[in-house]
Amino acid sequence: MDTRFLGIAELVETPPAAVVVDVMRAFTVAAWAFAQGAERIVLAESLDEALALKARHPDWVALKDGPPAAGFDAVNSPALLRSVDLGGRTVVQKTTAGTVGALAVKEASLVLCAGFVVAEATARLLRARECGSVTFVVTGDEGRADEDLACAQYIARRAAGDGADAAGFLRRAGASRAAAELAEGVRQGAHPDDVALCLELDRFPFAMVAALEDSLMVLRLCAVPSPTAEASI
Ligand SMILES: O=C(O)[C@H](CS(=O)(=O)O)OP(=O)(O)O
Ligand SMILES: [Mg+2]
């Protein structure tokens, strides 16, 4: 498998397959939203679009990063979301890095959104789809966020079928600037358990696939069969 690791600004052409990585915290939050029963997550282009969608669909759950804000129902925190019942709900998510990265590759044939919590399922899906070339979008800090780069490199190794000890990759993520800022309370809309939840390797057995649906970029849970059934995907 040919792999590239690019920041959002470095995406000059649409890749055939993309894995958009945001460990802290957009796609850890997305995975928790699915675990809490969400049916789909609409990735909004802007705060205004998120609010407009919420206004048109009052039953949708609008979520943004940063502090709580008028018109939004939730913040970008896995720990704060894990006690919310989202059964059958549509979530609208807008964050600084993760959702922007997914929208930057919206024309790609395959778009997966990932963090450590869905790493193995994401790698298995890439293997099963036999993707020849995969672009990993390292969303944070203009492509230099080490929590995202470490997770992308780990998934790439696993997707290539190489054994990879997760410990070193998780250690890098735990030592990242994002982890420090979350732990120190620099980032708002956060809970003390957020970093630990973002570093839970393979917490969930599913992958997350984003695709355009009626001009909206929609993220959905994708069940990934166990390794013995991979050949049939
Ligand atoms: O909520 C987060 O952790 C970040 C916010 S920021 O980039 O630190 O301002 O957003 P995300 O898109 O989840 O990286
Ligand atoms: Mg991030």
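Just so you know, these numbers come straight off a predicted model, no measurement behind them. Remember, it's 1-based here, ligands and their atoms both numbered in the order they're listed.
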* Asked: Which word best sums up how the rings of F206 and F34 line up, parallel for under 30°, tilted for 30 to 60°, or perpendicular for over 60°?
  -> perpendicular
* Asked: A97 to ligand 1: N or O pair under 3.5 Å?
  -> yes
* To do: For atom 5 (C) of ligand 1, find the nearest protein heavy atom and state the residue, atom name and distance (0.1 Å precision).
  => D65 OD2, 3.2 Å
* Asked: Is there a path from F27 to L63 through hydrophobic residues (I, L, V, M, F, W, Y) whose side chains come within less than 4.5 Å of each other?
  -> yes
* Which residue owns the protein heavy atom closest to atom 3 (O) of ligand 1, what's the atom, and how far is it? -> R25 NE, 2.9 Å
* To do: Identify whether I8 and L212 are in the same connected component of the hydrophobic contact network (ILVMFWY, side-chain heavy atoms under 4.5 Å).
  => yes
* Asked: Nearest to atom 11 (P) of ligand 1, what protein heavy atom do you find, and at what distance?
  -> D22 OD2, 3.1 Å
* To do: In plain terms, say whether E120 and R158 are close enough for a salt bridge, that is, a side-chain N and a carboxylate O under 4.0 Å apart.
  => yes
* If you round to the nearest 0.5 Å, how far is CG of L81 from CH2 of W32? -> 9.0 Å
* What protein heavy atom is closest to atom 9 (O) of ligand 1, reported as residue, atom name and distance in Å? -> T96 OG1, 3.5 Å
* Structure fact -> Per-atom filter on ligand 1: closer than 4.0 angstrom to a heavy atom of A26 are 13 (O)
* Asked: Would you say ligand 1 has an N or O under 3.5 Å from any N or O of M24?
  -> yes
* Charged N to carboxylate O below 4.0 Å: is that the case for R187 and D194? -> no
* Of all the atoms in D22, is at least one N, O or S atom closer to the Mg ion (ligand 2) than 2.8 Å? -> yes
* Between CD of E39 and CZ of R89, what distance do you get to the nearest 0.5 Å? -> 11.5 Å
* Asked: Can an N, O or S atom be found in M24 less than 2.8 Å away from the Mg ion (ligand 2)?
  -> yes
